[in-house]
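For reference, the structure is listed below as structure tokens.
The sequence lines fix the lettering, A, B, ..., with proteins before strands; numbering per chain opens at 1.
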Protein chains: 2
Amino acid sequence: MMLTALNTQTRHGEVCPLDTTLKVITGKWKSIILCRLMKQELRYSELLRTLPGCTRRMLSLQLSQLEADHIIQKEVDPTYTPIKTSYHLTELGQSLVPIIQAMDQWGAQYIKTLERTTD
Amino acid sequence: MMLTALNTQTRHGEVCPLDTTLKVITGKWKSIILCRLMKQELRYSELLRTLPGCTRRMLSLQLSQLEADHIIQKEVDPTYTPIKTSYHLTELGQSLVPIIQAMDQWGAQYIKTLERTTD
DNA sequence: CGGGATCCCCCCAGATACTG
DNA sequence: CAGTATCTGGGGGGATCCCG
């Protein structure tokens, strides 16, 4: 599994770490997956249940990309039957939490500001 | 011109300001446009010149979305001929700068970490 | 100079079925 | 339970042309 984030970091003809960060967290379900895993480790089916509208295919894709980028880690417990897999943030993923929280707060303030000015 | 950011904030069936923020800055050229405009006001053609690979169509699209979301402001100077337009960050756009810088720093650290661990 | 309109192609993601 | 394989369509974005 290749890293997905570093491949296109020079898309604009120059190194841009901001783009690397965006590539890591941008994806139809990545941000909300990260929100879930910030709070607790979760199993595949648990994640699926808390993501209404997300197909198994998409969940697999998003999870595998986050894992390839070393943001989350997958744990398979072979003692369970049927199989049990769970996902949790890596240390690198944990380091992203403050950024995510800052973006969440900015978004909330942004929404409030626009509600005042556009009504 | 409609806001682009607020329309899908409940995509997952719940309000998620993080997604609003991501929607504002995610786009094929938005992040690098913001990087440019953080430093100085620029004209359409100046922006285009510093974005190798970006077509005029895409530049127009990305700029109009950023403007619709009140992140940048467009200024048309009618005294010039031919027409002269320039773009600069709004106050709301300025408030995004610390987030962008934090994401840029995280990305740089991320790249360094992965270079150590994957080599 | 700073765009908009149109055509067209390719890729992303949904639907569905299959598997260890 | 936790995925993968295949098919298919709809939309994003490139190329091109037009306009005030």
Side-chain angles (χ1 to χ4, degrees), chain A residues 1-2 4-5 7-8 11-13 19 22-33 36-37 41-69 72-88, chain B residues 1-2 4-5 7-8 11-13 19 22-33 36-37 41-69 72-88:
Chain A
M1 177 68 70
M2 275 295 294
T4 72
N7 302 336
T8 56
R11 192 185 67 202
H12 315 302
D19 264 15
L22 279 171
K23 188 124 198 294
V24 166
I25 60 182
T26 298
K28 202 171 183 192
W29 299 94
K30 286 185 188 177
S31 60
I32 196 169
I33 289 172
R36 300 283 188 260
L37 296 183
E41 167 175 320
L42 285 171
R43 302 180 55 171
Y44 179 85
S45 50
E46 290 173 328
L47 270 171
L48 195 62
R49 213 175 316 122
T50 65
L51 302 179
C54 183
T55 63
R56 278 179 299 165
R57 168 191 148 82
M58 277 311 293
L59 181 56
S60 295
L61 277 174
Q62 304 282 290
L63 286 173
S64 66
Q65 288 176 21
L66 287 170
E67 192 191 3
D69 289 337
I72 66 174
Q73 193 175 342
K74 171 177 168 178
E75 219 83 51
V76 180
D77 190 336
T79 66
Y80 275 74
T81 171
I83 203 169
K84 165 180 175 178
T85 63
S86 46
Y87 296 87
H88 60 90
Chain B
M1 178 67 71
M2 276 292 297
T4 73
N7 303 334
T8 56
R11 192 186 66 201
H12 316 300
D19 265 15
L22 279 170
K23 188 122 197 298
V24 166
I25 60 182
T26 298
K28 204 172 183 193
W29 299 94
K30 286 185 189 176
S31 59
I32 195 171
I33 288 172
R36 300 285 187 259
L37 295 183
E41 167 175 321
L42 285 172
R43 302 180 56 170
Y44 178 85
S45 50
E46 289 173 329
L47 270 170
L48 194 63
R49 214 174 315 123
T50 65
L51 303 179
C54 183
T55 63
R56 278 181 302 163
R57 169 190 147 83
M58 278 310 294
L59 181 56
S60 295
L61 277 174
Q62 304 283 291
L63 287 173
S64 66
Q65 288 175 20
L66 286 169
E67 191 190 5
D69 290 336
I72 65 174
Q73 192 176 343
K74 171 177 167 178
E75 219 84 51
V76 181
D77 189 335
T79 67
Y80 274 74
T81 171
I83 205 169
K84 164 179 176 177
T85 64
S86 46
Y87 295 87
H88 60 90

Worksheet entry | Five-pair end axes of the helix from C:dC1-D:dG20 to C:dG20-D:dC1, angle between them (10°) | 50°

Could you state the interatomic distance from [atom1] ([X]) to [atom2] ([Y]), rounded to the nearest 0.5 Å?
| X | Y | atom1 | atom2 | answer |
| --- | --- | --- | --- | --- |
| B:L22 | A:I25 | CG | CD1 | 5.0 Å |
| A:S45 | A:K84 | OG | NZ | 9.5 Å |
| A:M58 | A:L61 | CE | CG | 5.5 Å |
| B:R57 | B:Q62 | CZ | CD | 10.0 Å |
| A:D69 | A:K30 | CG | NZ | 6.0 Å |

Discussion item. Would you say B:S45 places a side-chain N or O within less than 4.0 Å of OP1 or OP2 belonging to C:dG2?
Written reply: yes

Response to the item:
For A:V24 and A:L66 the tightest heavy-atom approach is O-CD2, 3.7 Å

Worksheet item: Looking at B:T50 and B:R36, what are the two nearest heavy atoms and their distance?
Response: O-NH2, 2.9 Å

Response to the item:
Comparing A:P82 with A:Q62, nearest DNA chain C nucleotide closer to 5' gives the residue A:Q62

Euclidean distance, atom [atom1] of residue [X] to atom [atom2] of [N] [Å, nearest integer]:
| X | N | atom1 | atom2 | value |
| --- | --- | --- | --- | --- |
| B:L51 | C:dG3 | CG | C1' | 16 Å |
| B:K28 | C:dC11 | NZ | P | 12 Å |
| B:L66 | C:dG3 | CG | C1' | 16 Å |
| A:I83 | C:dG20 | CD1 | P | 13 Å |
| B:L63 | C:dC1 | CG | P | 16 Å |
| B:D77 | C:dG3 | CG | P | 13 Å |
| B:E67 | C:dG2 | CD | C1' | 13 Å |

Fill in: DNA chain C-proximal residues of residues 53-61 of chain A, any heavy atom under 4.0 Å
A:T55, A:R56, A:R57, A:M58

Worksheet item: Could you go step by step and tell me if A:R56 and A:L48 meet the side-chain contact (heavy atoms from CB on, under 4.5 Å) rule?
Response: CA-CA 7 Å; A:R56 278 179 299 165; A:L48 195 62; 3.4 Å; yes

Hey, does [Y] have a side-chain heavy atom less than 4.5 Å from the side chain of [X]?
| X | Y | value |
| --- | --- | --- |
| A:D19 | A:K23 | no |
| A:L47 | A:Y44 | no |
| B:I33 | B:L59 | yes |

Item to complete: Considering only heavy atoms of chain A and a distance under 4.0 Å, specify the first and last nucleotide of DNA chain D in 5' to 3' order that meet this criterion.
Response: D:dC1 to D:dT6

